[in-house]
Q: 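First the structure, then my questions, so here it is.
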Amino acid sequence: MITTSTLWKLPPHTKGKHLVLKNYLNAWFPILGKYNGRILFIDGFAGPGEYRYGEKGSPLIALNTYMKHRARNRMSAEVYFIFIEKDKRRFNHLKSLIDPLIPELPNNCKVEIINGKFDGTMNEIMDLLDDQEKELAPSFVMVDPFGVSETPMEIIERIFRNKKSEVFISFQYDSINRFSKKEEFEPHLNELYGCTEWKNGTEIEDGKDRRTFYYNLYERKLREVGSKKNVIHFDLFKKNRLIYSIFFGTKHIRGSDRMKQAIWKVSPFGDFSFRGVHADQLTLVLENPDLGPLKEAIIQEFMGKGWITIEDIHEFVSSDATDYHSGQYKKVLRGLEKNDKIEIDESTRKIKLSYPNGTKIKIKQDH
Ligand SMILES: C[S@@+](CC[C@H](N)C(=O)[O-])C[C@H]1O[C@@H](n2cnc3c(N)ncnc32)[C@H](O)[C@@H]1O
């Protein structure tokens, strides 16, 4: 959806993105705010701050999540919010909403609103830091454009250079699909992917295969520029129609796990639900989720590896190798144990069907 008006009606699917953002930041602020001198929340495509009927936009959601956080007093870090918005009218509107809040902010919290473009502004910030031989503070960077333009892979790479920085990207596949056929959009896609390999996708006839190609390439590029980042990818569907996709890159298994928890927590909402990308068509549902693909993934990963620890399973499930999070695998292990598919070193636990830290597990061979 692309609009030229200053405020627009909140599309119902945007609610999912906002809930995920809020859930994740609820975990992110206290984790990073406790152990770092400074943390940054950067909204690279901030928007006007609210929608036509007063619903809050991402900058206000982020700021409120921090301000109302139960553990805010225990976060010693300086918390910087940087909101970047290209459109002057939307920038002014956002400013008119944020300015009255400034006197209420605690001393360790600063907000800067910039009327500029995401890529140019980020480059300026990072050039300045390079000149001072400083690193970008641990950052959560939100990239939420209309379409996919002006989101260069080069900038993502620069942001990722800081080990603790995370990037949350949302975009509509439609834009890639539409752009890829038009010559004038070639530079946009070269920028988006940081290469010209995307052009091979234009030859793919089947729509689903083409989408898989474009997405796999994007994920691969994010992994390359992120050097060992976990890259998570979920798609939001309205019934069987893909609406938008979320990509999230983080160096930390814990960040990847928290983001997956944040996504599982909101799905489904209304007619919408998120789907994972590892298990074919796995639809995320909070109540009675399908844990079959998780069971298969654990067996595949660990069968034939002898004794492993519960920590190995925890790390595997939390990482970007699965669509699941760490709150889900113990139920799978209980099922496997009851069906005699795993062996437990009983000296490593006291209670049957429990898997405390240090529990040793072996996947039996007969699956
Ligand atoms: C999808 S909206 C953002 C919505 C907002 N993140 C939210 O969730 O409430 C995209 C915004 O990015 C702005 N924009 C477009 N191109 C931009 C660019 N290159 N840099 C910064 N902002 C841009 C648009 O004016 C628009 O307000």
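Whatever order the structure lists ligands and atoms in, that order sets their numbers, starting from 1. Atoms considered below: every heavy atom in the structure, side chains included; atoms not considered: hydrogens, waters and symmetry mates.
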Q: If the condition is side-chain contact (heavy atoms from CB on, under 4.5 Å), which residues does S175 pass it with, not counting sequence neighbours?
A: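 Here the qualifying residues are V148, Q172, R178.
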
Q: Is it the case that more than 12 heavy atoms not belonging to K238 sit under 6.0 Å from its NZ atom?
A: no

Q: Using modelled atom types only, decide if a donor and an acceptor are shared between the side chain of R210 and the backbone of E205 within a distance under 3.5 Å.
A: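 A pair under 3.5 Å: yes.
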
Q: Taking a 3.5 Å cut-off between nitrogen or oxygen atoms, can you list every pair linking ligand 1 to the protein, with distances?
A:
from, atom 1, to, atom 2, distance (Å)
ligand 1, 6 (N), F45, O, 3.0
ligand 1, 6 (N), S58, OG, 2.8
ligand 1, 6 (N), D144, OD2, 2.8
ligand 1, 8 (O), H18, NE2, 2.8
ligand 1, 8 (O), Y51, OH, 3.4
ligand 1, 8 (O), S58, OG, 3.2
ligand 1, 8 (O), D144, OD2, 3.3
ligand 1, 9 (O), Y51, OH, 2.8
ligand 1, 9 (O), S58, N, 2.9
ligand 1, 19 (N), E150, OE1, 2.8
ligand 1, 20 (N), F118, N, 2.9
ligand 1, 22 (N), K86, N, 3.2
ligand 1, 25 (O), E85, OE2, 2.6
ligand 1, 25 (O), R90, NH1, 2.6
ligand 1, 27 (O), E85, OE1, 2.8
ligand 1, 27 (O), E85, OE2, 3.4
ligand 1, 27 (O), R90, NH1, 3.4

Q: For Y35, is the OH atom crowded, meaning more than 12 foreign heavy atoms sit under 6.0 Å from it?
A: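 12 or below, so no.
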
Q: Test of understanding: with salt bridge (Lys or Arg N to Asp or Glu O under 4.0 Å), list the residues that count as partners of E150, not counting sequence neighbours.
A: K86, K117

Q: Sequence neighbours left out, what pairs pass salt bridge (Lys or Arg N to Asp or Glu O under 4.0 Å) with at least one residue falling in residues 326-336?
A: none

